[in-house]
Peer 1: 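Please read through the structure below; I'll follow up with questions.
Just so you know, these numbers come straight off a predicted model, no measurement behind them. Naming: A, B, ... by sequence-line order, numbering from 1 per chain.
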Amino acid sequence: MRRNEARALLQAAREGERRAQRLFSALLGQLLALWGAVYLVGYGAEALGRGSPALWTGLVLGGFLLSFALGWGQRQGLKTPAGGQIGRIWAGFGLAYLALNLAGPRFTGGGFSVAVNLLVALAWMASGAALARPAVFWTGAVYALAEGLFAGPLAGGYLWAHALLGLAALGYGLYLAGHGR
Amino acid sequence: MDASTRGFDPLVHQPTRLRLMAFLHHLGPEARVEFQTLRRELGVTEGNLSRHLAKLEAAGYVRVEKGFVGRRPRTWVGLTGRGRDAYRAHLEALMRLLSANPKEER
């Protein structure tokens, strides 16, 4: 066999790997775009003084329903142990979110938003560990750190920071879903 | 068999099968892909994919499971441990070939 043929075959193998990666990235991108849009609209409305509990309830409920529908759709074509773990992690997050809602301000005081966002960061880190993707893990860790900063010393920029974060997640999610990298 | 062809597997060598095994290998151990998803992602016809899968299954490289979701038949495909080893060995053989005899293609 000539080297040219070997090179072409290696490229065929890399192409197969890229397509598998695209399958993973498509769902990640869709979820990022979805929750980016939720953050952008929810926190953006609050920053502009137009937020309301009803808006948040609609956004979060819609977000959860669409997320589980996307996860269900993915499982029709692909089943992996990591996928099962991711499903359990985010179902756990959903339960914790529900518990926080039921406990209400008695438990979280004025820090409901911070508590939820720290849970999101934790779920991202756990997802990164399950997928063995350090970039996802560290995104969660950096997000937890940023949440702490904007909840504490930089509290004045909390709402705008989250709206911008939502915009970034929406953009990157659409890019991932479209290009599948 | 000399050192340069060790691990070389004629069954894995065919480009579509190599791409298919690369795809399944990259999804990780115990991953299973539904037939139509696999067909769509690899851009091959049903008949083409079925033929390649039959050869790989006969060699014990892939596991094909048939089942139903409701009334709809579904076929799930996964790489076996033997298939993973064969794919890796073949990939290593290709890379060895590329790194050896750089003057050959001139």
Peer 1: Establish whether A/L145 and A/M125 are linked, either directly or via other cluster members, by ILVMFWY side-chain heavy-atom contacts under 4.5 Å.
Peer 2: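 A/L145 does not cluster with A/M125.
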Peer 1: Using every non-hydrogen atom in the two residues, find where A/P81 and B/A31 come nearest and quote the distance to one decimal.
Peer 2: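 For A/P81 and B/A31, the tightest heavy-atom pair comes out as CD-N, 4.4 Å.
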Peer 1: Supply the atom-to-atom distance A/R22 CZ to B/F23 CZ, rounded to the nearest 0.5 angstrom.
Peer 2: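 The CZ atom of B/F23 is 8.5 Å from CZ of A/R22, to the nearest 0.5 Å.
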Peer 1: Are B/T37 and A/L78 close enough that some pair of their side-chain heavy atoms sits under 4.5 Å apart?
Peer 2: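 Result no, sub-4.5 Å side-chain heavy-atom pair not found.
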Peer 1: Quick check for you: to the nearest 0.5 Å, what is the distance between A/E17 atom CD and B/L24 atom CG?
Peer 2: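 That separation rounds to 11.5 Å.
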Peer 1: Are B/L91 and A/R14 packed together at the side-chain level, in the sense that at least one heavy-atom pair is separated by less than 4.5 angstrom?
Peer 2: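 Yes - at least one pair of side-chain heavy atoms lies under 4.5 Å apart.
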Peer 1: Within the distance-only criterion (no hydrogens, no angle test), does the side chain of A/R19 pair as donor or acceptor with the backbone N or O of B/E41 below 3.5 angstrom?
Peer 2: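 Looks like yes, one N/O pair under 3.5 Å.
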Peer 1: Any side-chain heavy-atom pair from B/H13 and A/E5 closer than 4.5 angstrom?
Peer 2: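 Yes, side chains in contact.
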Peer 1: Are the side chains of B/H26 and A/Q21 in contact, using a 4.5 Å heavy-atom criterion?
Peer 2: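 Side chain of A/Q21 against side chain of B/H26, heavy atoms only: contact under 4.5 Å found.
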Peer 1: If you count the non-hydrogen atoms of other residues, nucleotides and ligands that lie under 6.0 Å from CD in B/E30, is the total more than 12?
Peer 2: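 No - once you tally the heavy atoms of other residues, nucleotides and ligands closer than 6.0 Å, there are 12 at most.
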Peer 1: To the nearest 0.5 Å, what is the distance between CG on A/L9 and NE2 on B/H90?
Peer 2: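 One finds 6.0 Å between CG of A/L9 and NE2 of B/H90.
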Peer 1: If we only count heavy atoms from C-beta on, is the B/E34 to A/K79 side-chain gap below 4.5 Å?
Peer 2: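 No. Closest side-chain heavy atoms not under 4.5 Å.
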Peer 1: Of all the heavy-atom pairs spanning B/P15 and A/A12, show the shortest one and how long it is.
Peer 2: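 Where B/P15 meets A/A12 most closely, the heavy atoms are O-CB, 4.3 Å.
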Peer 1: Is B/Y87 close to chain A through its backbone or its side chain, or both, or neither, when contacts mean heavy atoms under 4.5 Å?
Peer 2: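 Only the side chain of B/Y87 comes within 4.5 Å of chain A.
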Peer 1: Counting only heavy atoms closer than 4.5 Å, note whether A/Q11 contacts chain B via side chain, backbone, both or neither.
Peer 2: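 The answer is neither part of A/Q11.
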